[in-house]
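What's counted below: heavy atoms across the whole structure, side chains too, no hydrogens, waters or symmetry copies. The structure displayed is predicted, hence computed values, not measured ones.
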Amino acid sequence: MKYSPQKIEKKWQAYWQKNRINQAVLSKDKPKYYLLEMFPYPSGKLHMGHVRNYTIGDVLARFKKMQGYNVLHPMGYDAFGQPAENAAIKNKADPAKWTKQCIDWMREEMQEMGFSYDWDREVATYLPEYYRWNQWIFLKMFERGLAYKKESLVNWCPSCQTTLANEEVIDGGCWRCHSKVEQKDLEQWYLKITDYSERLLEDLKLLKYWPSRVVTMQENWIGKSFGVEIYFRLCDKGGRPTDRIIPVFTTRQDTIFGATYIVLAPEHPLIKEIISGSPQENKVLEFIEKVSKETKTIRTSADVKKEGVFSGAYAINPVNNEKIPIWVADYVLMEYGTGAIMAVPTHDQRDFLFSKEHNLPMRIVIKDPRSSIIDAREMNEAYEGDGIQVNSAQFDGVHTSQSKEKIANWMEKEKIGKKTVNWRLRDWLISRQRYWGTPIPIIYCDQCGIVGVPEEDLPVILPQKVAITGKGGSPLSKVDKFINCKCPKCKGKARRETDTMATFFDSSWYFLRFCSPKYAKGVFDKEEVDYWMPVDQYIGGIEHAILHLLYSRFFTKFFNDLGLLDFSKKESNTGKDEPFIRLLTQGMVLKEGEVMSKSKGNVVDPDTIIDKYGTDTMRLYIIFAAPPEDQMDWNERAIEGSWRFLNRVWNLVDNYEFKGNVPSAQEDKELKELRQKTHSTIKNVTDDLAKDFHLNTAISSIMELVNAIYAVLSKNQSNNQIVKEAVETVVLLLAPFVPHLSEEMWQKIGRKESIFKASWPKFDANAIKQDAITFIIQVNGKVRATMELPVDIDEEKLKASALADSNVAKWVQDKMIKKIIIVPKKLVNIVVG
RNA sequence: GCUGGAGUGGUGGAAUGGCAUACACGCCAGUCUCAAAAACUGGUGAGGGCAACCUCGUGAGGGUUCAACUCCCUCCUCCAGCACCA
C-alpha cells in the first residue's frame with residue numbers, strides 16, 4: 001500500500017480530538033511540564049515562521065508526554081492590535097468580526113498540522129473575559145502608584161496616529177509601519193517598570209537556561225551604571241557663585257579636574273531662568289526651538305555634527321572652584337542622568353569634538369601610559385582609557401583603578417557629590433490613541449480627579465460599531481455613550497479615559513491565564529498556577545528578546561508582590577517570580593537567503609506543502625534542515641529527502657511482517673550490531689531531545705538506524721526479535737516528529753492503543769557495550785592505521801598490535817620511540833623522533 | 001563604537017581535544033524500463049599514484065599540545081542587538 005499522508009493525517013487528527021488525548025488536567029501524581037510557544041497575532045494565515053516555532057514546540061511536548069510528564073501545551077491569540085484596525089479602516093470591516101474570522105482560520109490550520117494543543121484552554125485577548133483582567137491588573141498597579149499619568153515628550157507615529165514606547169522605536173522608525181517617529185508633548189499613561197530595575201537585573205542571574213545573548217540584551221537594556229552626582233554651583237548674572245545647585249551625573253568622576261564647561265540638554269528646566277535678560281537669550285531660544293523640531297532619529301544619529309550654544313551663564317566646578325561656562329547642546333539627553341553633564345574634552349570623545357568646534361578650553365587629567373602628549377592642544381582625539389592622575393590636586397599620581405573610588409569618597413565627605421546609580425531603563429508608556437485594544441479603566445471627574453473604575457464594574461466594555469477612520473486621534477473620543485459616565489466616588493458627571501492599552505500589556509501575563517483559562521473569580525486560579533508555573537520551556541522568536549520577555553518578567557514579579565504567586569518552593573530554582581525556566585529562540589525561515597515576505601513574493605505557503613507531501617513531511621523537513629536556533633533556508637528540493645525517508649520507513653512496516661516470535665541467533669554478528677545500533681540510537685535521540693535541542697541530529701540518528709535495518713533485511717533476515725525491536729524503536733522515536741504516520745505504523749505493527757500512550761523507549765546499557773573497538777593508530781599524531789581490537793585489551797598488547805601493523809612499522813622504522821600515548825578505548829599515538 | 005553570535009565539501013549541516021565532512025540535498029555511474037519518472041545499488045573534499053598508500057585541507061596568521069574545526073593570541077569577513085547613556 002502506498003503511503004498517502006492526506007488520508008492518514010485527517011484520520012488521526014479526528015482520533016486525537018475525539019479521545020481528548022491532549023487535554024491537560026492538574027494531577028499531583030505525575031511531574032508537570034509546561035511547554036509554551038509564543039502565541040500568534042491572528043493574521044488569518046500561518047507562515048513558515050509559525051510552522052517552525054510550533055513544530056519545535058510540538059516535538060518537545062509530545063516527547064515529554066511519552067516520557068511520562070503531565071504536559072500543558074496551550075495555544076491562544078494575541079488578538080488586539082493595529083492590523084485589525086487597519087483592516088477596519090481599509091474595508092470598513094468590524095475588527096471583532098475580522099479577528100474572529102482570522103482566529104477560526106488559524107485554528108483550523110494548526111489542527112491540520114497535528115499540533116498537540118489542549119484546545120479547551122484556548123484564550124483570545126480581545127474577548128472581555130480576557131481583557132477584564134488586563135483592566136484589573138491595571139487598577140492594582142494604579143492603586144500602588146505603578147500606573148501613573150504624566151505629560152511628557154513622547155514618540156509619535158504620524159502614520160499610525162499613536163504614541164509608541166521607547167521599545168517600539170526601531171532605528172528612529174515605528175516598529176510596525178517604519179514611519180519616521182516624531183516628538184510630541186502629551187499626557188500619557190506609564191507603568192513604573194523602573195521600580196523593578198534592580199530585581200529585573202539581579203534575577204537575570206537565575207536564568208541559567210536562557211540563551212546568553214538574550215540575557216545580555218536585557219542587561220544592556222536595563223543598563224545599570226555606577227557613578228557620582230556632582231553638585232556644581234550656579235553663578236548669578238554678575239558671575240558670582242550662588243547656592244543654587246546644578247547636579248550632573250558622571251561615571252568618570254576621576255576626570256572632574258578636567259571638566260572645563262557644563263552642558264545642559266535643550267529641554268533642561270533651568271535654561272529659561274539663566275538666559276532671561278541675557279544677550280544670548282534669543283540665540284538660545286532659537287536653538288532650542290530648532291532642536292525640538294528635530295526628530296530623535298536626526299538628533300541621535302552618531303555621525304551628525306554636535307551643535308550647541310553658550311547660555312551666557314557660569315557655574316563653579318566644586319573641586320577647584322573654577323568658573324566654567326554653561327552651554328546648551330543637542331548631544332545631551334534630558335532622559336538620562338540629570339539632563340546635565342560636565343564636559344571633559346580631553347577624556348570624552350563627544351566633548352572633545354564639541355570643544356574643538358566651539359574652541360572651548362581643555363586640560364589633560366589622566367596620563368595615557370602609551371603616549372608622551374602632555375598638552376591637550378596636541379591631542380587628535382580624547383583619551384578614554386585608564387592612566388595616572390595629573391593636574392588633579394591631591395590625587396596626582398594615583399592610578400584610575402583607585403582614583404575613581406577615592407575621589408567619590410572624598411566628594412561625599414566634602415558634600416560636593418554623592419555616589420549614584422543610573423539606569424537606562426525608562427518607564428513603560430502604555431496608552432495608545434487607538435480603538436482596537438483594552439480600554440484603560442479610568443474615569444475623570446472634575447470634583448474627584450482621576451478615579452479608577454471599581455472592580456465590580458469591570459469589564460469596561462470596548463463599544464462596538466465605532467467609526468474608525470485612522471485620523472484625528474482616538475476613535476473612542478468620539479463615542480459619547482462611552483465617554484459620558486458617572487464618577488464612582490461622587491456620582492457626579494464624569495468622563496471616561498479614551499485611550500486603550502498597548503498590546504504588549506495583554507501578552508505580559510497570558511501564560512498565567514493558560515493555567516486556568518476559564519476562571520471567572522480572579523485573574524487566575526492560584527492553585528492551578530501553583531501547579532503549572534513556571535513555564536518549563538518557552539519557545540519563540542529572538543525579536544521578543546527584550547520587550548515581551550522583560551515585560552512578562554515584570555508582571556510576574558508584580559503578581560508576586562500582590563501575593564498571588566510564589567515559585568520559591570519549586571525545584572526549578574529560578575527564584576520566586578521568574579516565569580520562564582528555559583528559553584529557546586528559534587531562527588528565522590528564509591528563502592534563498594532572504595526573509596520571506598509578500599513584497600518579495602517569495603512566501604512559501606504551508607498549505608501547498610501539506611497538499612503535496614502531507615504535514616508530517618513538512619514537520620520532519622523543517623526540523624531536519626537546521627538546528628532550531630539557527631536560521632534555516634527553505635529549499636523546495638531538499639524537502640524531497642524527508643518525503644523519501646518517510647516512504648522508506650513506511651515501506652519497511654508495510655512490506656515486512658515483524659511477528660517477533662522467531663528467536664534470533666545471538667551469535668550473528670550483523671544482528672548483534674543492529675541491536676547495538678538500536679540502543680545507541682535511543683540514547684542519542686533521547687539526549688538530543690532532552691539536553692540541547694539537537695533536533696536535527698536526532699533525525700539523522702533515526703535515519704542511520706533505518707539504513708541499518710535495510711542493510712540487515714537485504715541479507716534476508718526479516719523475521720526475528722531483533723529486527724522487530726529495531727523497527728518498533730524507529731516508530732516510537734519518530735512519534736514526536738511525525739505523529740500521524742507513527743500512529744498509523746504503530747497500529748500496523750499490531751498495537752491497539754495510541755502511540756502517545758506508549759512510553760518512550762529506554763536504552764539497555766549492556767546492548768550498547770561493544771566487545772571490539774576500532775582503535776586509531778597514529779604516528780606523531782597522524783593516522784596510519786585503524787584496527788579492530790577487544791575493548792579490554794591490555795596496554796602492552798595494544799602497543800604490540802599497533803607496532804605490528806605494516807604501515808605503522810613503515811613510519812616508525814628505525815626511529816627512536818619517544819613515548820606511546822594511549823587513550824583508552826580510542827587510540828594509540830606513537831611519538832617518534 | 002559597544003555587546004553577543006557565526007565562518008567546515010557544489011548545498012543544508014555533523015563532529016567541543018582523539019579517523020574532519022555523519023545524515024541529507026545535488027551531481028555521476030549502474031539496475032529496472034520500449035522510453036521516462038519513481039525506486040534500488042555504488043561513487044562523490046582537492047591533488048598525486050596501476051595499487052598499497054601519500055600530500056594538502058575546517059576565514060587568515062601565530063601559539064599551546066603526543067594530538068586542534070574544537071583551547072589561547074592577533075587579524076579579516078558576515079549576521080544580530082544596542083548606540084551621543086555622560
Side-chain angles (χ1 to χ4, degrees), chain A residues 170-171 211-221 223-225 227 248-253 255 259 263 265 299-304 306 329-333 335-344 347-351 353-354 384 422-426 542-543 545-546 585 587-588 620-621 624-627 629-642 644-645 647-648 651 694 696-704 706-707 710 714 774-786 806-807 810-811 818-823 825-833:
Chain A
I170 315 286
D171 286 332
S212 61
R213 64 170 169 158
V214 174
V215 173
T216 312
M217 277 158 82
Q218 292 218 353
E219 250 168 43
N220 293 343
W221 191 262
K224 186 179 191 179
S225 54
V248 306
F249 174 74
T250 182
T251 55
R252 290 299 305 273
Q253 61 273 18
T255 64
V263 189
R299 210 176 137 185
T300 57
S301 68
D303 35 287
V304 164
K306 304 176 190 334
D330 58 359
Y331 76 98
V332 176
L333 308 173
E335 310 95 85
Y336 187 78
T338 61
I341 62 150
M342 64 177 209
V344 185
H347 304 297
D348 182 291
Q349 186 60 18
R350 293 157 300 176
D351 298 341
L353 293 174
F354 190 79
E384 296 180 336
N422 238 298
W423 303 87
R424 217 195 73 115
L425 186 67
R426 296 289 125 71
I542 186 73
E543 67 272 20
I546 299 173
T585 51
M588 286 206 291
L620 186 76
Y621 170 64
F624 179 61
E629 307 230 48
D630 291 9
Q631 50 181 232
M632 72 160 284
D633 207 88
W634 186 270
N635 183 333
E636 215 69 72
R637 275 220 206 135
I639 194 170
E640 292 274 355
S642 299
R644 225 171 281 164
F645 170 67
N647 273 286
R648 255 163 82 77
N651 290 335
H694 291 162
N696 54 328
T697 54
I699 307 271
S700 311
S701 302
I702 302 171
M703 286 175 168
E704 284 184 53
V706 171
N707 291 345
Y710 268 106
S714 72
T774 307
F775 279 86
I776 300 150
I777 316 299
Q778 300 182 326
V779 179
N780 283 352
K782 285 198 191 286
V783 180
R784 297 303 177 190
T786 59
S806 60
N807 199 43
K810 197 176 87 192
W811 286 93
K818 284 187 184 158
K819 59 177 160 179
I820 298 178
I821 287 146
I822 292 177
V823 181
K825 295 180 191 177
K826 250 182 205 144
L827 104 174
V828 180
N829 187 11
I830 301 157
V831 186
V832 298

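A:Y621 places a side-chain N or O within donor-acceptor distance of the main-chain N or O of A:N635, the cut-off being under 3.5 Å. The backbone N or O of A:L827 lies less than 3.5 Å from no partner atom in the side chain of A:Q778, so there is not a single donor-acceptor pair. At distances below 3.5 Å, at least one donor-acceptor pair connects side-chain atoms of A:N780 with backbone N or O atoms of A:V832. Although no hydrogens or angles enter the test, the distance criterion places a donor-acceptor pair under 3.5 Å between the side chain of A:Y710 and the main chain of A:R648.
The residue A:Q631 sits close only to the backbone: its heavy atoms come under 4.0 Å of sugar-phosphate atoms, none of a base. At a threshold of 4.0 angstrom between heavy atoms, the contacts of A:N807 are confined to the sugar-phosphate backbone, with no base atom among them. Using a 4.0 Å heavy-atom distance criterion, A:K818 is classed as making no nucleic acid contact.
Rounded to whole Å, the distance from CH2 on A:W221 to C1' on B:C85 is 12 Å. Across the protein-nucleic acid pair, A:I699 atom CD1 and B:G13 atom C1' stand 14 Å apart, rounded to whole Å. Atoms CE (A:M342) and P (B:A86) sit 12 Å apart, rounded to a whole Å. In this entry the distance linking CG of A:D633 with C1' of B:U11 reads 10 Å, nearest Å. Taking atom CG of A:L353 as the reference point, atom C1' of B:G1 lies 13 Å away to the nearest angstrom. Note: CG (A:N647) to P (B:C40) measures 9 Å, nearest angstrom. Per the geometry, CH2 belonging to A:W423 stands 13 Å off P belonging to B:A86, to the nearest Å. Rounded to an integer number of Å, the gap from A:I341 CD1 to B:A86 P is 11 Å.
Residue A:M632 comes nearest to A:A625 through the heavy atom pair CE-CB, 3.7 Å, listed as atom of the first residue, atom of the second, then distance.
In this structure, the nucleotide among B:G4, B:G13, B:G81 sitting nearest to the side chain of A:R213 is B:G4. Proximity note for A:F249 (side chain, C-beta onward) versus B:U3, B:G18, B:A86: the nearest is B:A86. Taking only side-chain atoms of A:P627, from C-beta outward, the nucleotide of B:G81, B:A14, B:G18 with the closest atom is B:A14. Checking B:C85, B:C84, B:C53 against every side-chain atom of A:R424, the shortest atom distance belongs to B:C85. For A:K826, taking side-chain heavy atoms from C-beta onward, the closest of the listed nucleotides B:A14, B:G18, B:A20 is B:G18. Taking only side-chain atoms of A:N696, from C-beta outward, the nucleotide of B:C85, B:A14, B:A86 with the closest atom is B:A14. Residue A:A625 has its side chain nearest to B:G12 when only B:G12, B:C53, B:C85 are considered.
Classified by its glycosidic torsion, B:G57 falls in the anti category, the angle being over 90° from 0.
Across all strands shown, B:G9 forms no Watson-Crick or G-U wobble pair with both distances under 3.5 Å. Pair assignment for B:C27: B:G43, on the basis of Watson-Crick or G-U wobble contacts that are both within less than 3.5 Å. Judged by Watson-Crick or G-U wobble contacts below 3.5 Å, the nucleotide B:U74 has B:A60 as its partner. Checking B:A52 for Watson-Crick or G-U wobble geometry (two distances, each under 3.5 Å) identifies no partner in any strand. Pairing partner, B:C82: B:G1, with both Watson-Crick or wobble hydrogen-bond distances short of 3.5 Å. Using N1 to N3 plus N6-O4 or O6-N4 for Watson-Crick, or N1-O2 and O6-N3 for G-U wobble, each under 3.5 Å, B:C34 pairs with nothing. Nucleotide B:C69 is matched to nothing when pairs are restricted to Watson-Crick or G-U wobble geometry with both distances under 3.5 angstrom.
Side chains of A:N220 and A:R424: a donor-acceptor N/O pair is absent below 3.5 angstrom, by distance only.
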Each nucleotide N or O in nucleotides 42-48 of chain B that has a protein N or O under 3.5 Å away: list the pair and distance.
none

Close N or O pairs between protein and nucleotides 55-57 of chain B (under 3.5 Å):
| from | atom 1 | to | atom 2 | distance (Å) |
| --- | --- | --- | --- | --- |
| B:U55 | OP1 | A:R784 | NH2 | 3.3 |
| B:U55 | OP2 | A:R784 | NH1 | 3.2 |

Pull out every protein N or O sitting under 3.5 Å from an N or O of nucleotides 24-30 of chain B, one pair per line with the distance.
| from | atom 1 | to | atom 2 | distance (Å) |
| --- | --- | --- | --- | --- |
| B:A24 | OP1 | A:N707 | ND2 | 3.2 |
| B:C25 | OP1 | A:R644 | NH1 | 2.8 |

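Taking the C1' atom of each, B:G45 and B:C27 are spaced 14 Å apart, rounded to whole Å. For the P atoms, the distance from B:G5 to B:G9 is 23 Å, rounded to whole Å. Using P as the reference atom, B:A51 and B:G63 are 37 Å apart when rounded to the nearest Å. A distance of about 28 Å separates the C1' atoms of B:U70 and B:C2, rounded to the whole Å. For the C1' atoms, the distance linking B:G12 with B:C73 amounts to 33 Å, nearest Å. Taking the C1' atoms as reference points, B:G42 lies 23 Å from B:C53, given to the whole Å. For the P atom pair drawn from B:U74 and B:U8, the interatomic distance equals 23 Å after rounding to whole Å. B:U11 and B:U16 are spaced 23 Å apart, taking the P atom of each and rounding to whole Å.
Partners of A:E543 under the side chain to side chain donor-acceptor pair (under 3.5 Å) rule, at least two apart in sequence or in another chain, do not exist in this structure.
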Fill in: nucleotides 61-72 of chain B: protein proximity per nucleotide (B base, S sugar-phosphate only, - neither; heavy atom, under 4.0 Å)
-----BS-----

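The shortest distance between side-chain heavy atoms of A:I830 and A:R784 does not fall below 4.5 Å. A:D351 has its side chain within reach of A:I341: a pair of non-hydrogen atoms, C-beta onward, lies under 4.5 Å apart. Between A:T255 and A:M342 the shortest side-chain heavy-atom distance falls below 4.5 Å.
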Return all side-chain donor-acceptor pairs below 3.5 angstrom for residues 696-704 of chain A, not counting sequence neighbours, or 'none' if the list is empty.
| from | atom 1 | to | atom 2 | distance (Å) |
| --- | --- | --- | --- | --- |
| A:T697 | OG1 | A:D688 | OD2 | 2.9 |
| A:T697 | OG1 | A:H694 | O | 3.1 |
| A:S700 | OG | A:N696 | O | 3.2 |
| A:S701 | OG | A:T697 | O | 3.0 |
| A:E704 | OE1 | A:K677 | NZ | 3.0 |

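Comparing A:T216 and A:D630 along RNA chain B, the residue whose closest nucleotide (by nearest heavy atom) sits nearer the 5' end is A:T216.
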